[in-house]
Number of protein chains: 2
Amino acid sequence: MAVDPKLGIYRPAVPAGDLGARVEAFSARCREHGLSVTPQRRAIMRALLASEDHPRAEDVYDAVRAEHPTISLATVHRTLETLCQIGEARKVTPLHHSARYDGNLSPHHHLVCVGCLRVLDVEAPQFDELLGSQKWLGDHEVVGGSVEIYVRCRSCRQQTSD
Amino acid sequence: MAVDPKLGIYRPAVPAGDLGARVEAFSARCREHGLSVTPQRRAIMRALLASEDHPRAEDVYDAVRAEHPTISLATVHRTLETLCQIGEARKVTPLHHSARYDGNLSPHHHLVCVGCLRVLDVEAPQFDELLGSQKWLGDHEVVGGSVEIYVRCRSCRQQTSD
DNA sequence: TCTCAGGTGATAATAGTTAGCAAATGGCAG
DNA sequence: CTGCCATTTGCTAACTATTATCACCTGAGA
Ligand SMILES: [Mn+2]
Ligand SMILES: [Mn+2]
Ligand SMILES: [Zn+2]
Ligand SMILES: [Zn+2]
């Protein structure tokens, strides 16, 4: 999406389709997990899915307040954590700052601009192959992995003398 | 070190040698960067190099206080950030918590236990090859990358029913 | 030895997140 | 359709990690 085509071994990670349907499917999975489907949860999930941008809790809060002016930031934090617990979102925290949340559950990795800390999705099948090629490392059970590629985006390159 | 031998495509990342000499070399590089060599900086660098454990600022603080009882936590934070700026340390922040610092500058990656959040070094030359194989991704200039492999360590596996 | 830019300790301020709790409500038994 | 109650929410205070401020101190060069 925001990434150019000539990526060599990498390729942009494309987010999935219809938003309304995705929120609906989410609601169903909430019930499967024994969680109530509340307007707040729908709204937060919708905002997360709609975002291209790995938003922080506060970003989601701002987005959701348009429709739910009385929602609290604490609820957003709580809900995002809940989403991660039930596998509806993942937490990404590049280079240490506030947590970023990702509604894109397709297997993918991230480009992180070391200047502006923007996070972009990227697929890298060769990495996935390596990551998935071993279920154990000594007595450590492998449960996942992620690759962060640090980059300087065009606009950040222009600002620094270097 | 803390990792078993049968790692397949991975191998443990071994930290370097003599501590006193490393602190001495560090002092020299401080001067090259125009930084004063203070007892606090030496002590913090020594503590970081001595640690096998990707310590938090507070951990370094605790270690250093043995010799420098009056050092302040703020100085430790400041100094660790300075070390990162001049390339004497790197900051690692897996799964979002407080920042972890790493005195091991050899190229390596990390195993992160999703249970206890312990961080272990690991080398993965095949990843490095992939990471290094492209200097540009579209109009993003690649400046680095890192792989985090999420694992469950033996002790964390025992504690959860699953 | 003198000087002072840069470094430090103490402390306050800030940002992000989590905890505690009373009020509200989703989902279900009747 | 109720009415119930375990969950969830909003509000708020607390907490943790980090950064800013500032007066004092000190490493390092003159
Ligand atoms: Mn993503
Ligand atoms: Mn390391
Ligand atoms: Zn940028
Ligand atoms: Zn563990």
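These values consider heavy atoms only, across backbone and side chains, with no hydrogens, waters or symmetry-generated copies.
Applying the salt bridge (charged side-chain N to carboxylate O under 4.0 Å, His left out) test to A/D128 and every residue at least two apart in sequence or in another chain returns nothing. A/H110 is linked by a ring-ring contact (aromatic ring centres under 6.0 Å, His included) to A/H54, A/H108, counting only residues two or more places apart in sequence or in another chain. Every residue meeting the salt bridge (charged side-chain N to carboxylate O under 4.0 Å, His left out) condition with B/E24, not counting sequence neighbours, appears here in chain and number order: B/R42. For the salt bridge (charged side-chain N to carboxylate O under 4.0 Å, His left out) test, no residue two or more places apart in sequence or in another chain qualifies with B/R31. B/H68 pairs by the side chain to side chain contact (heavy atoms under 4.5 Å, CB included) definition with B/P39, B/A43, B/V64, B/I71, not counting sequence neighbours.
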Report all side-chain donor-acceptor pairs from residues 79-86 of chain B shorter than 3.5 Å, counting only partners two or more places apart or in another chain.
{"residue": "B/T79", "atom": "OG1", "partner": "B/T75", "partner atom": "O", "Å": "2.7"}
{"residue": "B/E81", "atom": "OE2", "partner": "B/K91", "partner atom": "NZ", "Å": "3.0"}
{"residue": "B/E81", "atom": "OE2", "partner": "B/Y101", "partner atom": "OH", "Å": "2.6"}
{"residue": "B/T82", "atom": "OG1", "partner": "B/R78", "partner atom": "O", "Å": "2.9"}

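Atom CZ of residue B/R56 and atom OG of residue B/S51 lie 11.0 Å apart, to the nearest 0.5 angstrom.
Look at NE2 on A/H68: it is 14 Å from C1' on C/dT25, rounded to the nearest Å. If you measure from atom NE2 of A/H77 to atom C1' of C/dG20, you get 17 Å, rounded to the nearest angstrom. Nucleotide C/dG7 holds its C1' atom 14 Å from the CD atom of B/Q85, rounded to whole Å. Between A/Y61 atom OH and C/dT18 atom C1' there is a gap of 16 Å when expressed in whole angstrom units. Regarding B/L73, its CG atom lies at a distance of 14 Å from the P atom of C/dT8, rounded to whole Å. Rounded to whole Å, the distance from CG on B/L80 to P on D/dT19 is 11 Å. Between the P atom of D/dA20 and the CD atom of B/E81 lies a distance of 10 Å, rounded to the nearest Å. When the P atom of D/dT19 is taken as reference, atom CZ of B/R56 falls 15 Å away, rounded to whole Å.
Nearer to the 5' terminus of DNA chain D, by closest-nucleotide assignment, is the contact made by B/E58 (compared with the other of B/E58 and B/R31).
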Within the sub-3.5 Å range, which N or O atoms of nucleotides 6-9 of chain D have a protein N or O partner, and how far apart are they?
{"residue": "D/dT8", "atom": "OP1", "partner": "A/S36", "partner atom": "N", "Å": "3.3"}
{"residue": "D/dT8", "atom": "OP1", "partner": "A/R41", "partner atom": "NH1", "Å": "3.0"}
{"residue": "D/dT8", "atom": "OP1", "partner": "A/R41", "partner atom": "NH2", "Å": "3.4"}
{"residue": "D/dT8", "atom": "O5'", "partner": "A/R41", "partner atom": "NH2", "Å": "3.3"}
{"residue": "D/dT9", "atom": "OP1", "partner": "A/T38", "partner atom": "OG1", "Å": "2.7"}
{"residue": "D/dT9", "atom": "O3'", "partner": "A/Q40", "partner atom": "NE2", "Å": "2.8"}

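End-to-end axis angle of the helix from C/dT1-D/dA30 to C/dG30-D/dC1, from C1' rotation axes over five pairs per end: 30° (rounded to 10 degrees).
Side-chain N or O atoms of B/R41 include one that pairs as donor or acceptor with a backbone N or O of B/S36 at under 3.5 Å.
The ring-ring contact (aromatic ring centres under 6.0 Å, His included) contacts involving residues 20-49 of chain A comprise nothing, where partners must be two or more places apart or lie in separate chains.
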